[in-house]
There are 2 protein chains.
Amino acid sequence: MEQGPNEGRGIKSDETLFDIVEHIQDLDGAGVTELAEGLDIAKSTVHGHLTTLRDRGLVVKRGQQYHLGLKFFEYGQYVRSQLDIFQSGMFAVDRLEAETGEMSWLITHQNGKAIYVYGRGGDNDIDVNTILGTQVHMHFNSGGKAILAHLPDEEVERIVDEHGLPARTENTITDRERLYDELEQIREQGYALNLSEDLEGIQAIGVPLMVNGEIQGALSVAGPAHRMSKERCEGEILDHLRAATDEIDLTLAYR
Amino acid sequence: MEQGPNEGRGIKSDETLFDIVEHIQDLDGAGVTELAEGLDIAKSTVHGHLTTLRDRGLVVKRGQQYHLGLKFFEYGQYVRSQLDIFQSGMFAVDRLEAETGEMSWLITHQNGKAIYVYGRGGDNDIDVNTILGTQVHMHFNSGGKAILAHLPDEEVERIVDEHGLPARTENTITDRERLYDELEQIREQGYALNLSEDLEGIQAIGVPLMVNGEIQGALSVAGPAHRMSKERCEGEILDHLRAATDEIDLTLAYR
DNA sequence: GAGCGTGTTCGGGATTTTCGAACGGGATTC
DNA sequence: GAATCCCGTTCGAAAATCCCGAACACGCTC
């Protein structure tokens, strides 16, 4: 049979396996027929994969519906705990939230996307747990921009090539040159702002987390624009962020 | 080729895929050769699977080492947030920790094992995050026993058949009959104790979480024996646990 | 009780996984 | 500084295996 565009070395059956996993996630649980039709593969094929997944605890069957299993949660917790910055970053987020009363985040990056690793809600009523673990574009996220600013130019370019610069609001940076200019400025001032570039009315500030001269992640504080003015961000909140990164540096140095 | 003992319907290639994933986890990151030798399969086969996994963000390559990727964390957070009891259970754990000053947990079960879903450390210095997400036997865990007590007898038997009753300390229940007797008692009194049955010097109390008459999980409070006396567990702490479950019942009823 | 909708099983054909050997690059060693 | 080792990666070919479609079993509704 003919080959796909850039494929040939991967394992096709693994591909369909995770197509199934993701489809179950998209549908919040699904049946065999539903999955087979949605992915356009035979019912028996889907059934085979589900059987293997079930034996391993990666999928559970409730009635006639298959759902993702808590084995994924076990893997996920393991992966998070393996991050160098996790321990100290978590501690920093807890304190940032207490000091500022605003939503605080520990963020890292992988494959050109920013990932929310740990967060606390602040006085907001937003549910931290629906955000936790999600992957977002880096160019409309204060932490993401702080990370981008400390990545090699070629890698930034590669990331933009791969993921593009989609707009979220009318303030989102969608122009390559403007992004590069802002990254330059972020490097100089040591922090990144997000002025309603992701969600209308939400502003944030983020600072990079460096370990041994390499960017490992970012800390950020976010909140409604009326409380998170540019002045407050660059004053009080930046001071807290700087104190937090200093302490993380110290912790990781004496590891 | 000949067939395995009870296999035949699963997908073999999926099986090796997750063998690789688990081996990477066991080794905290590994190279291709290392994995191939450890699992006794060809290097090129391992490489093929890793390529697919990498394309999907499930695995990342740092230097010559492959590590599990944060995509697993994304899946894991999703699975946890899907649990019916998660929202209200998390809230309850936060309050239990504040009220008692002891380590508090939300636990659920899947495939006959207890899983730590959410926890807070209390005044202890134990790291909650290394426990979070792990799966443990139910018979030496206060929450696990509370869950077992409300499962159908046949399922309890199935679970014991599958996972056995391994000892952790000399107080661990390793006898079927003694377990059944204690489960009966737990059903009557409405709570389960753990008196150094898991770790020497650690005691705990757990209560079941029922939704629509079906067991969904448990809440537990644990701490060092000198603070977590049987009297304190069955008095003050049980009161807090009862208040917490009442509130969860209310929340889930008005859903 | 017939009909529809599930999930599940089965066998055979063909795609694809698997293997082993060869390739290329980086570090270490003599 | 060159040769060697060890690693990850690529390649081609044999056959084991995955995939398909049809048939089966089961529960529900009409």
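Values below: all heavy atoms of this structure, side chains included; hydrogens, waters and symmetry mates excluded. Below, chain A is the first sequence line, B the second, and so on; all start at residue 1.
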- prompt: What is the nucleic acid contact for B/Thr16, judged by heavy atoms within less than 4.0 Å: base, sugar-phosphate only, or nothing?
  reply: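 The residue B/Thr16 makes sugar-phosphate contact but no base contact.
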
Can you pull every protein N or O that's under 3.5 Å from an N or O on nucleotides 24-30 of chain D?
none

- prompt: Looking at residues 28-40 of chain A, who's got a heavy atom less than 4.0 Å off DNA chain D?
  reply: none

Spacing of [X] atom [atom1] relative to [N] atom [atom2], expressed in whole Å:
X	N	atom1	atom2	answer
A/Glu15	C/dT16	CD	C1'	13 Å
B/Ile20	D/dG8	CD1	P	13 Å
B/Ile41	C/dG20	CD1	P	11 Å
B/Ile11	D/dT17	CD1	C1'	9 Å
A/Leu50	C/dT6	CG	P	15 Å
B/Lys12	D/dA15	NZ	C1'	12 Å

Is any side-chain N or O of [X] closer than 4.0 Å to OP1 or OP2 of [N]?
X	N	value
A/Lys61	C/dT6	no
B/Ser13	C/dT17	no
A/Tyr66	C/dT8	yes
B/His49	C/dT18	yes

Starting the side chain at C-beta, find the nucleotide from [options] nearest to [X].
X	options	value
A/Ser44	D/dT10, C/dT6, C/dC10	C/dC10
B/His47	D/dC19, C/dT18, D/dT10	D/dT10
A/Gln64	D/dC7, D/dC20, C/dG7	C/dG7

task: Validate the cation-pi geometry between A/Lys71 and A/Tyr75: distance from NZ or CZ to the six-membered ring centre under 6.0 Å, angle to the ring axis within 45°.
output: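 Yes, cation above the ring, under 6.0 Å and within 45°.
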
- prompt: Quick one: side-chain hydrogen bond (donor to acceptor under 3.5 Å, both in side chains) partners of A/Glu184, sequence neighbours excluded?
  reply: A/Arg187

message: Taking side-chain hydrogen bond (donor to acceptor under 3.5 Å, both in side chains) as the definition, give me every residue that meets it alongside A/Arg168, ordered by chain and number, with sequence neighbours left out.
response: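 Only A/Asp198 meet the side-chain hydrogen bond (donor to acceptor under 3.5 Å, both in side chains) criterion with A/Arg168.
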
task: State plainly whether the residues B/Asp19 and A/Arg56 are in salt-bridge range, i.e. N to O under 4.0 Å.
output: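 A salt bridge is present here (some side-chain N lies under 4.0 Å from a carboxylate O).
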
- prompt: Salt bridge or not for A/Asp161 and A/Arg176, using N-O below 4.0 Å?
  reply: yes

task: Using distance alone, with no hydrogens and no angle criterion, decide if B/Asn129 and A/Gln87 have a side-chain donor and acceptor under 3.5 Å apart.
output: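 No, because no side-chain N or O of B/Asn129 sits under 3.5 Å from a partner of the opposite role on A/Gln87.
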
Nearest-nucleotide comparison on DNA chain C, the residue closer to the 5′ end among B/Val46 and A/Thr51: A/Thr51

- request: Please identify each residue that fulfils ring pair (Phe, Tyr, Trp, His ring centres under 6.0 Å) with B/Tyr116, with sequence neighbours left out.
  value: B/Trp105

query: What is the distance from atom OG1 of A/Thr16 to atom CD1 of A/Ile11, rounded to the nearest 0.5 Å?
result: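 Here the rounded value is 11.0 Å.
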
task: Would you list the pairs meeting side chain to side chain donor-acceptor pair (under 3.5 Å) in which at least one residue belongs to residues 26-38 of chain A, sequence neighbours left out?
output: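 Matches after skipping sequence neighbours: A/Asp28-B/Tyr78.
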
message: Looking at B/Thr134 and B/Ile115, would you say the former's side chain and the latter's main chain have a donor-acceptor pair under 3.5 Å?
response: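 No, B/Thr134 side chain to B/Ile115 backbone: no donor-acceptor pair under 3.5 Å.
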
